[in-house]
A.B. asks: 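Before we start, here is the structure in question, set down as structure tokens.
Along the sequence shown, residues carry numbers from 1. Order of listing sets the numbers, starting from 1, for every ligand and every atom in it. For the numbers below, each heavy atom of this structure counts, side chains included, while hydrogens, waters and symmetry mates do not.
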Amino acid sequence: SAVYRAGISGTRPAVPSTFAGLEQGARRALSADAFAYLAGGAGAEHTMAANVEAFGRWQVIPRVLRDVAERDLSIDLLGRRRATPFVLAPLGVMELAHRDADVAVGRAAAALDVPYILSNQASRPMEEVVAAMGGGARWFQLYWSASDDLNASFLRRAEASGCEAIVITLDTHLLGWRTRDLDLAFLPFTRGQGIAQYTSDPVFADLVRERVKRGVSDAAAPAVKVNAKSVAAAVGMAREARRAGLVDGGLADALRSPLPRAAVETFLDVFADPSLTWDDIAKVREWTDLPVLLKGVLHPEDAERAVDAGMDGIVVSNHGGRQVDRSVPTISALPAIAERVAGRVPILLDSGVRGGADAVIALSLGATAVGLGRPYAYGLAIAGATGVSEVVRNAIAEFDLTLGLAGYTSPADLGPDALRPHPLVE
Ligand code: FNR
């Protein structure tokens with residue numbers, strides 16, 4: 001492949017090719033707070049580690065002499081042909097990794113024809129990211145807000161922005177017990193980071209105005225501290241707030257006004273709805289005609305319910321081990337889910353996918369596509385859009401080589417026959 005040839009012809013890559021190298025590079029490039037937010041998991045990080053280790057329970061059994069000279073990596077996904085079985089998982093607060101944040105990720109994804117799932121917790125409004133993506137494929141990820149009006153508004157904007165599908169993330173109705181962030185007393189949202197989809201939203205602007213009118217914001221504690229570190233975030237928010245018509249005056253006025261603080265407090269109010277149930281899910285059809293996927297499904301019963309509820313796909317994910325520590329690793333959860341879903345809807349899988357060989361295993365066990373998460377965040381931290389692009393290209397290249405070396409020519413050829421359980425690992 002082109003990546004391999006470039007590698008051995010002496011062109012120096014911008015990012016390391018191993019996950020360990022990427023993580024090390026990101027740690028060097030970032031502040032302690034930012035790295036902890038990206039790299040950290042819930043609790044003692046058992047699940048974060050298990051996500052990766054569980055891939056080791058499977059072994060590929062390569063076949064020989066099968067003419068693999070011509071390989072086609074494309075897949076069918078939601079009625080469209082995609083060049084590869086990779087998508088970019090939604091990652092919030094990418095301004096922690098790089099100042100170009102979601103815009104850089106969007107550029108890289110579009111250039112590689114890899115669908116990018118825009119995060120609800122993005123650092124840039126979806127309209128700005130989409131403008132930078134040209135025609136690149138994008139989906140929108142929703143955290144089901146306590147405000148239905150806000151949900152409807154997000155999905156209207158996603159449709160207007162040409163998003164092809166909606167991914168509802170269901171594993172974050174409460175924020176997980178994130179020990180690294182707790183130790184550093186770090187929550188980006190309270191500094192106004194990762195709330196650009198909100199501060200650019202007209203319905204959210206109304207909610208903030210109401211809050212200010214009620215006088216709640218003035219009394220509410222704790223205030224967002226405008227210290228050296230959060231000044232940049234406050235300026236960004238004020239700018240967003242102005243663009244969204246929250247404030248009419250200049251930047252100085254905006255900074256002096258209580259609006260940035262009110263915006264953060266409103267966000268904390270409406271971010272999620274922990275009382276959500278299966279009965280509420282149908283409501284999404286009032287808000288959009290786009291295909292809807294449920295992310296964070298780990299139990300076969302829930303996969304079945306998602307299909308029964310008319311959902312168009314599921315994403316087997318444990319949020320990269322950031323929510324329920326000791327939860328089941330995704331690759332271990334996949335076989336039972338694939339059996340239950342029985343091909344009725346596509347199954348995506350993320351959490352622990354570190355390269356192309358992992359994708360071969362996931363597809364063999366019934367996934368249609370896999371989501372990359374932390375690897376591209378680290379690429380972004382090290383080298384911006386170029387870093388993201390190299391990380392994704394490397395994953396695709398490794399997938400292509402592993403597929404061919406295992407004796408297969410397309411993702412559709414992969415099935416349980418391609419693997420065996422590791423004989424020494426339970
Ligand atoms: C996430 N993830 C996530 N998921 C989501 O639905 N919306 C979001 O805004 C975010 N934000 C986010 C930020 C960061 C820094 C991380 C690491 C993860 C979860 C993400 O989509 C995906 O499920 C995990 O990243 C998969 O785990 P690995 O493979 O990255 O370890």
Side-chain angles (χ1 to χ4, degrees), residues 19 22-23 26 30 33-42 45-55 86-98 101-102 105 115-124 126 129 139-145 154 165-173 175-176 178 180-181 186-189 193-198 267 271-272 293-298 314-324 327 329-331 333 348-355 358-359 362 367 369-381 388 391-392 395:
F19 183 74
L22 288 169
E23 190 167 31
L30 301 178
D33 287 353
F35 181 73
Y37 187 78
L38 267 53
E45 302 184 340
H46 292 294
T47 294
M48 195 170 80
N51 279 337
V52 172
E53 286 159 14
F55 277 94
F86 290 91
V87 305
L88 298 194
L91 298 185
V93 212
M94 281 297 103
E95 68 204 88
L96 296 177
H98 193 273
D102 315 81
V105 179
Y116 177 25
I117 309 178
L118 307 176
S119 166
N120 206 152
Q121 295 323 120
S123 298
R124 303 288 186 85
M126 61 181 106
V129 178
W139 301 0
F140 177 72
Q141 174 262 319
L142 178 77
Y143 282 127
W144 194 291
S145 165
F154 281 149
I166 302 298
V167 174
I168 306 177
T169 298
L170 297 174
D171 57 19
T172 313
H173 44 284
L175 199 63
R178 312 250 175 105
R180 295 195 210 192
D181 298 335
F186 182 72
L187 184 61
F189 313 115
Q193 295 174 312
I195 63 171
Q197 306 295 20
Y198 300 80
F267 161 74
F271 165 68
L293 296 86
L294 301 186
K295 177 170 183 274
V297 172
L298 291 165
I314 61 177
V315 185
V316 177
S317 172
N318 58 31
H319 214 105
R322 296 161 72 81
Q323 289 297 93
V324 178
S327 98
T330 53
I331 199 68
L348 280 68
L349 176 139
D350 73 27
S351 302
V353 176
R354 297 295 173 255
D358 296 340
V370 295
L372 290 170
R374 286 187 179 93
Y376 85 74
Y378 296 155
L380 177 67
V388 176
V391 166
V392 179

A.B. asks: To which of G194, G92, P90 does the heavy atom nearest atom 21 (O) of ligand 1 belong?
C.D. replies: P90
A.B. asks: Give the C-alpha distance, both sets of side-chain angles, the deciding distance and a yes or no for ring-ring contact (aromatic ring centres under 6.0 Å, His included) between F271 and Y198.
C.D. replies: CA-CA 9 Å; F271 165 68; Y198 300 80; 7.2 Å; no
A.B. asks: Could you check atom 4 (N) of ligand 1 against the protein and tell me its nearest heavy-atom contact, residue, atom and distance included?
C.D. replies: K295 NZ, 3.1 Å
A.B. asks: For ligand 1, which atoms sit closer than 4.0 Å to a heavy atom of S119?
C.D. replies: 8 (C), 9 (O)
A.B. asks: With no hydrogens and no angle check, is any side-chain donor or acceptor of S123 less than 3.5 Å from a backbone partner on M94?
C.D. replies: yes
A.B. asks: Do Q121 and F267 make a side-chain contact, defined as non-hydrogen atoms from C-beta onward lying under 4.5 Å apart?
C.D. replies: yes
A.B. asks: With a heavy-atom distance limit of 4.0 Å, tell me whether S351 approaches ligand 1 through its side chain, its backbone, both, or neither.
C.D. replies: both
A.B. asks: Could you establish whether L91 and ligand 1 come within less than 4.0 Å of each other, counting only heavy atoms on the residue side?
C.D. replies: yes
A.B. asks: With nothing but distance in play, are any N or O atoms of A89 less than 3.5 Å from an N or O of ligand 1?
C.D. replies: no
A.B. asks: Quick check: does any side chain N or O of H98 sit under 3.5 Å from a backbone N or O of E95, one acting as donor and the other as acceptor?
C.D. replies: no
A.B. asks: Using only atom types and a distance under 3.5 Å, with no angle test, would you say the side chain of R322 pairs donor to acceptor with the backbone of G40?
C.D. replies: yes
A.B. asks: How far is atom 19 (C) of ligand 1 from its nearest protein heavy atom, and which residue and atom name does that atom have?
C.D. replies: H319 CD2, 3.4 Å
A.B. asks: I'd like to check which ligand 1 atoms, numbered from 1 as shown, lie under 4.0 Å from a non-hydrogen atom of L38.
C.D. replies: 15 (C), 17 (C)
A.B. asks: Considering only the protein, which heavy-atom contact is closest to atom 30 (O) of ligand 1, and what is its distance?
C.D. replies: R374 N, 2.7 Å
A.B. asks: What atoms of ligand 1 come within less than 4.0 Å of a heavy atom belonging to T169?
C.D. replies: 5 (C), 6 (O)
A.B. asks: So which heavy atom in the protein is nearest atom 5 (C) of ligand 1, and how far is it from that ligand atom?
C.D. replies: Y143 OH, 3.2 Å
A.B. asks: For atom 28 (P) of ligand 1, which candidate among M48, Q121, R354 holds the nearest heavy atom?
C.D. replies: R354
A.B. asks: Between F19 and Y378, how do the two ring planes meet: parallel, tilted or perpendicular, split at 30° and 60°?
C.D. replies: tilted
A.B. asks: What residue and heavy atom of the protein are closest to atom 15 (C) of ligand 1, and at what distance?
C.D. replies: R322 NH2, 3.6 Å
A.B. asks: Among protein heavy atoms, which lies nearest atom 24 (C) of ligand 1, and at what distance?
C.D. replies: G320 N, 3.7 Å
A.B. asks: Check each atom of ligand 1 against the heavy atoms of Q141 and keep those under 4.0 Å away; list them by number with element.
C.D. replies: 5 (C), 6 (O), 7 (N), 8 (C), 9 (O)
A.B. asks: Look only at the side chain of T47 and the backbone of S327, and say whether a donor-acceptor pair between them is shorter than 3.5 Å.
C.D. replies: yes
A.B. asks: Identify, by atom number and element, the atoms of ligand 1 in contact range of S317, meaning under 4.0 Å from any of its heavy atoms.
C.D. replies: 23 (O)
A.B. asks: Any donor-acceptor pair under 3.5 Å linking the side-chain atoms of N318 with those of N51?
C.D. replies: yes
A.B. asks: Taking atom types as modelled, find out whether Q323 and R178 have a side-chain donor-acceptor pair closer than 3.5 angstrom.
C.D. replies: yes
A.B. asks: With no hydrogens and no angle check, do the side chains of S351 and H319 hold a donor and an acceptor under 3.5 Å apart?
C.D. replies: no
A.B. asks: Please confirm whether A377 comes under 4.0 Å of ligand 1, counting heavy atoms of the residue only.
C.D. replies: no
A.B. asks: Is the side chain of Q197 donor-acceptor paired with the backbone N or O of N120 at a distance under 3.5 Å, no angle test?
C.D. replies: no
A.B. asks: Number the atoms of ligand 1 from 1 as they appear, then name those within less than 4.0 Å of a heavy atom of D350, with their elements.
C.D. replies: 22 (C), 23 (O), 26 (C)
